[in-house]
Amino acid sequence: MNYKNKVVLIAALSAAVLTFLSFQPCEKPAARKDAMIAAWERAKAYTKEYLEAATDEVYNFRPTPEMRSFGEQMHHLAVDNYILVNAATAGVTGPAKFRDLEKETLKTKAEITNAVLDSYDFVITTIKSLDEAKLDTMVKMFNKWDTTIEEGLDKAFEHQTHHRGQTTVYLRLKGITPPPEKLF
């Protein structure tokens, strides 16, 4: 086989391989619902680290008299995980006790930790039960805001992130280094 034929053969084989590879199925990007579940699971683990890092003293600590205590911030986060996800999903109901949780005064680290982690479990279970095709369904949150289910769930995620972030200062004021960031 002469040099010219070898070059043509190599070019033809290369073209055949490239053509073959271009028709192979590409890895499907992560589904929106799966990405939301992963984000909420990461948020739960991150919040759990905050709950564990705080001492009993921190749970009752208020940086100023008019501010919530660390425990109250986390209690609020838990209650609103239920309320916001319930509103965003047009009424997926949480545990019967979630309205009672709003009225409870949780005092101990264990009570608050359990309430917060249960609220994340509710959110994650709710998202897993949703039909991904319905994430673009319009809902009216709190009879005020027109949004999609997905956008409403994003607002719930933003809310828990906001309140967990506030508690960073509480930990630092008590000399505790907050858990390292969990972006991924």
Side-chain angles (χ1 to χ4, degrees), residues 27 29-89 92 94-95 97-130 135 141-142 145 147 149-184:
E27 206 169 301
R32 294 177 346 194
K33 187 171 114 171
D34 291 342
M36 289 174 23
I37 292 165
W40 278 97
E41 287 172 342
R42 180 178 40 82
K44 176 185 176 187
Y46 193 27
T47 304
K48 183 178 182 199
E49 290 179 14
Y50 269 74
L51 293 161
E52 291 170 348
T55 62
D56 290 332
E57 179 189 357
V58 173
Y59 271 78
N60 295 311
F61 173 64
R62 296 172 185 272
T64 64
E66 67 276 358
M67 292 176 71
R68 290 180 176 127
S69 69
F70 178 94
E72 290 167 341
Q73 284 284 15
M74 289 297 187
H75 181 204
H76 171 73
L77 180 155
V79 168
D80 278 17
N81 276 352
Y82 290 109
I83 291 171
L84 291 168
V85 170
N86 177 272
T89 56
V92 169
K97 67 177 185 170
F98 97 82
R99 285 288 178 195
D100 295 335
L101 178 62
E102 188 174 21
K103 298 171 190 142
E104 284 183 34
T105 303
L106 303 177
K107 295 196 184 298
T108 69
K109 180 175 178 171
E111 289 173 332
I112 294 166
T113 298
N114 288 336
V116 171
L117 298 180
D118 286 350
S119 77
Y120 279 100
D121 290 340
F122 163 74
V123 173
I124 293 163
T125 300
T126 298
I127 295 170
K128 284 179 178 179
S129 73
L130 294 173
L135 291 176
M141 288 185 68
F142 307 113
W145 299 289
T147 188
I149 290 174
E150 183 173 21
E151 289 167 346
L153 292 170
D154 287 345
K155 294 300 176 192
F157 191 84
E158 181 180 335
H159 180 268
Q160 63 84 35
T161 301
H162 166 75
H163 287 287
R164 182 186 55 244
Q166 287 180 317
T167 64
T168 298
V169 176
Y170 293 62
L171 293 175
R172 290 219 180 264
L173 287 171
K174 288 297 184 178
I176 299 169
T177 302
E181 197 167 22
K182 284 188 177 311
L183 292 177
F184 303 96

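Please read all numbers here as calculations on a predicted model, not as lab measurements. This chain uses plain numbering: 1 for the first residue, then up along the sequence.
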message: Quick check: F70 with F61 (ring centres under 6.0 Å apart)?
response: no

message: Please report the interatomic distance OG(S119) to CD1(I83), rounded to the nearest 0.5 Å.
response: 11.0 Å

message: So that I can tick it off, tell me whether K155 and E151 are bridged by a salt bridge, with the cut-off set at under 4.0 angstrom between side-chain N and carboxylate O.
response: no

query: To the nearest 0.5 Å, what is the distance between OH (Y120) and CG (N81)?
result: 5.5 Å

task: To the nearest 0.5 Å, tell me how far I37 CD1 sits from R32 CZ.
output: 12.5 Å

- prompt: Do the charged groups of K109 and E52 touch, with an N to O distance under 4.0 Å?
  reply: no

message: Would the distance check show the side chain of N114 and the main-chain N or O of A110 forming a donor-acceptor pair, the cut-off being under 3.5 Å?
response: yes

Return a table of donor-acceptor pairs under 3.5 angstrom between the side chains of residues 168-178 and protein atoms on other chains or two or more places apart.
from	atom 1	to	atom 2	distance (Å)
T168	OG1	Y50	OH	2.7
T168	OG1	G165	O	3.2
Y170	OH	R68	O	2.7
Y170	OH	Q73	NE2	3.3
K174	NZ	E57	OE2	2.7

query: Under 4.5 Å between any side-chain heavy atoms of M36 and F157, yes or no?
result: no

message: With rounding to the nearest 0.5 angstrom, report the CZ to NZ distance, R164 to K44.
response: 13.5 Å

query: With side chains defined as the heavy atoms from C-beta onward, is the minimum distance between V58 and T55 less than 4.5 Å?
result: yes

task: Mind checking salt bridge (Lys or Arg N to Asp or Glu O under 4.0 Å) for E49 and listing every partner two or more places apart, or none if nothing turns up?
output: K182

query: Less than 4.5 Å apart, any side-chain heavy atom of R62 and any of E72?
result: yes

query: Can you tell if the side chain of L153 reaches within under 4.5 Å of the side chain of L84, non-hydrogen atoms only?
result: no

- prompt: What residues, two or more places apart in sequence or in another chain, satisfy side chain to side chain donor-acceptor pair (under 3.5 Å) together with H159?
  reply: H76, D80, H163

Whether Y59 side chain and L51 backbone form a donor-acceptor pair below 3.5 Å: yes

task: Can you measure from CD1 (I124) to CD (E41) and round to the nearest 0.5 angstrom?
output: 5.0 Å

message: Is there a side chain to side chain contact (heavy atoms under 4.5 Å, CB included) between Y82 and D118? Walk through the geometry before answering.
response: CA-CA 10 Å; Y82 290 109; D118 286 350; 3.7 Å; yes

query: What are the two closest heavy atoms between G152 and A88, and how far apart are they?
result: C-CB, 3.5 Å

query: How many angstroms lie between NZ in K33 and CD1 in I127, if you round to the nearest 0.5 Å?
result: 9.5 Å

message: Can you confirm whether E111 sits close enough to T108 that some side-chain heavy atom of one is under 4.5 Å from a side-chain heavy atom of the other?
response: yes

